[in-house]
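The structure displayed is predicted, hence computed values, not measured ones.
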Amino acid sequence: MISLADGGRGRPLLVVLRALKLGDFLTAVPALRALHDEFPDHRRVLAAPGWLAPLAKHAGSIDALSPTPGLVPLDPRLADPEVAVDLHGRGPGSQPLLLALRPRRLIAFAHPEVPATAGGPKWRRSEHEVARWCRLLVESGIPADPGRLDLATPARTVPAWVKGATLIHPGAASAARRWPATRYAAVARAEQRRGREVVVTGGPGEADLATRTGRLGAVPPDRVVFQGLGLLDLLALVASAGRVVCGDTGVAHVATAVGTPSVVLFGPVPPGQWGPPADRPWHRPLWAGRRGDPHGATVDAGLLRISPDQVITALEELPCRAGGAGKAGAPSVVRAPTVASVT
């Protein structure tokens, strides 16, 4: 990744703010590609958490990443950009950070508390996250295709047993979106009874959860992967796997990006906002049809309505790979029945 100090002389500057997490970055890839195409001669700098740099470099479309751990003042070296783009939110927290840079042009959703955004595109609360940012650009006169989500598989060596395996990722950023480990373990046991290898992954701070899921699911310890797992390693693992089971979290978007079939469990937020694209039938979103707090401290009641048997059935119905098995049409959102017991 080009540093902020290098490579920008003589080029107009474009700054993009999206200081969020893995899934947020991946849902913004089509918009970032559209900005690359519209402003090919600009130096395009993404303000985002520094740990995303390897993935941002792999995805392309930007020239540099300015480490930004959230809604904090932006690096003063980004001052006076020709264009500033708010891909972070609707404001008012994000837009003033970009306006403080004194951009000649601000691309952002309109917010009544930020006069400089008057006349901008209107925010739609229930819009799909990928479509949202592409629409922001389209309504600002910049062509954008929300289908440009795909990423190449990184050049990484993965264990031979990962190829075709069922990858289970039990973690999520909030407790509200974490299906119980006991239920993921039940799925792991069922997959192994079918003769499939199972790999359990965990992100930062999820070692205990991944280990517990693997132990309860009778997954061999060397198939539980969490230590030293970088973002590009994760992409390579998911790309090699035969299918993915996870919640509404970044790994679901990784599966979309690399074309690995997935069963994704939704709780407080419907898949119509954060789920896999409707034109990719090799993904199966499961949702009980009720909304909740995606940042809640306890597992969402709607997520608990999804049973292991329902996930196991969805796995049996998945095509082998993206576009395989002659599937066509949009994936249906399977509504989960009420489950009386909570484990």
Q) What residue among T213, V199, V198 forms side chain to side chain contact (heavy atoms under 4.5 Å, CB included) with V219? A)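 It is V198; the other options fail the test.
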Has the side chain of [X] got a donor or acceptor atom that lies under 3.5 Å from a matching backbone atom of [Y]?
X	Y	result
H111	Q95	no
W179	G247	no
D37	A34	no
T117	V114	yes
H88	L17	no

[X] and [Y]: same hydrophobic cluster, using ILVMFWY side-chain contacts below 4.5 Å?
X	Y	result
V254	L209	no
L137	L20	no
V29	V138	no
L35	V130	no

Any idea which heavy atoms bring [X] and [Y] closest together, and the distance?
X	Y	result
A190	I312	CB-CD1, 3.5 Å
F266	P285	CE1-CB, 3.8 Å
L234	L229	N-CD1, 3.9 Å
L216	R189	O-NH1, 2.7 Å
P69	V72	CD-CG2, 3.8 Å
P30	R148	CG-O, 3.5 Å

Report the distance from atom [atom1] of [X] to atom [atom2] of [Y], rounding to the nearest 0.5 Å.
X	Y	atom1	atom2	answer
R284	S262	CZ	OG	9.5 Å
D86	L99	CG	CG	9.0 Å
L136	E127	CG	CD	9.5 Å
T313	L286	OG1	CG	9.5 Å
D300	R291	CG	CZ	11.5 Å
R135	K122	CZ	NZ	10.5 Å

Q | Candidates E129, H128, R18 - the one meeting side chain to side chain donor-acceptor pair (under 3.5 Å) with T27 | A |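 Of E129, H128, R18, side chain to side chain donor-acceptor pair (under 3.5 Å) with T27 is met by R18 alone.
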In this structure, are over 12 heavy atoms from other groups packed under 6.0 Å from [X] atom [atom1]?
X	atom1	answer
E316	CD	yes
R156	CZ	yes
D208	CG	no

Q | Derivation and outcome, side-chain hydrogen bond (donor to acceptor under 3.5 Å, both in side chains), residues Q192 and R223 | A | CA-CA 12 Å; Q192 290 173 102; R223 269 56 167 171; over 6 Å; no
Q: Would you check, one step at a time, whether the test side-chain hydrogen bond (donor to acceptor under 3.5 Å, both in side chains) holds for E82 with H42?
A: CA-CA 9 Å; E82 184 170 290; H42 285 61; 2.8 Å; yes
Salt-bridge contact [X]-[Y] (side-chain N to carboxylate O under 4.0 Å):
X	Y	result
R243	E197	no
R44	D63	yes
D293	R177	no

Decide whether [X] and [Y] meet the rule of one side-chain donor and one side-chain acceptor closer than 3.5 Å.
X	Y	value
S174	H295	no
H169	T201	yes
R305	Q310	no

**Q.** Worked check of side-chain contact (heavy atoms from CB on, under 4.5 Å) between L32 and F25
**A.** CA-CA 9 Å; L32 292 172; F25 172 81; 3.8 Å; yes
**Q.** Face-on cation placement of R132 at W123 ring, 6.0 Å and 45° thresholds
**A.**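 Yes, R132 lies over the aromatic ring of W123.
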**Q.** Test log, rule side-chain contact (heavy atoms from CB on, under 4.5 Å), inputs L149 and R280
**A.** CA-CA 11 Å; L149 288 161; R280 301 189 182 205; 4.0 Å; yes
Q) Do P277 and T256 come close enough that some side-chain heavy atom pair is under 4.5 Å? A)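 Touching, per the 4.5 Å side-chain cut-off.
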Q: Determine whether the aromatic ring centres of W133 and F109 lie less than 6.0 Å apart.
A: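 Centroid distance W133-F109: below 6.0 Å, so yes.
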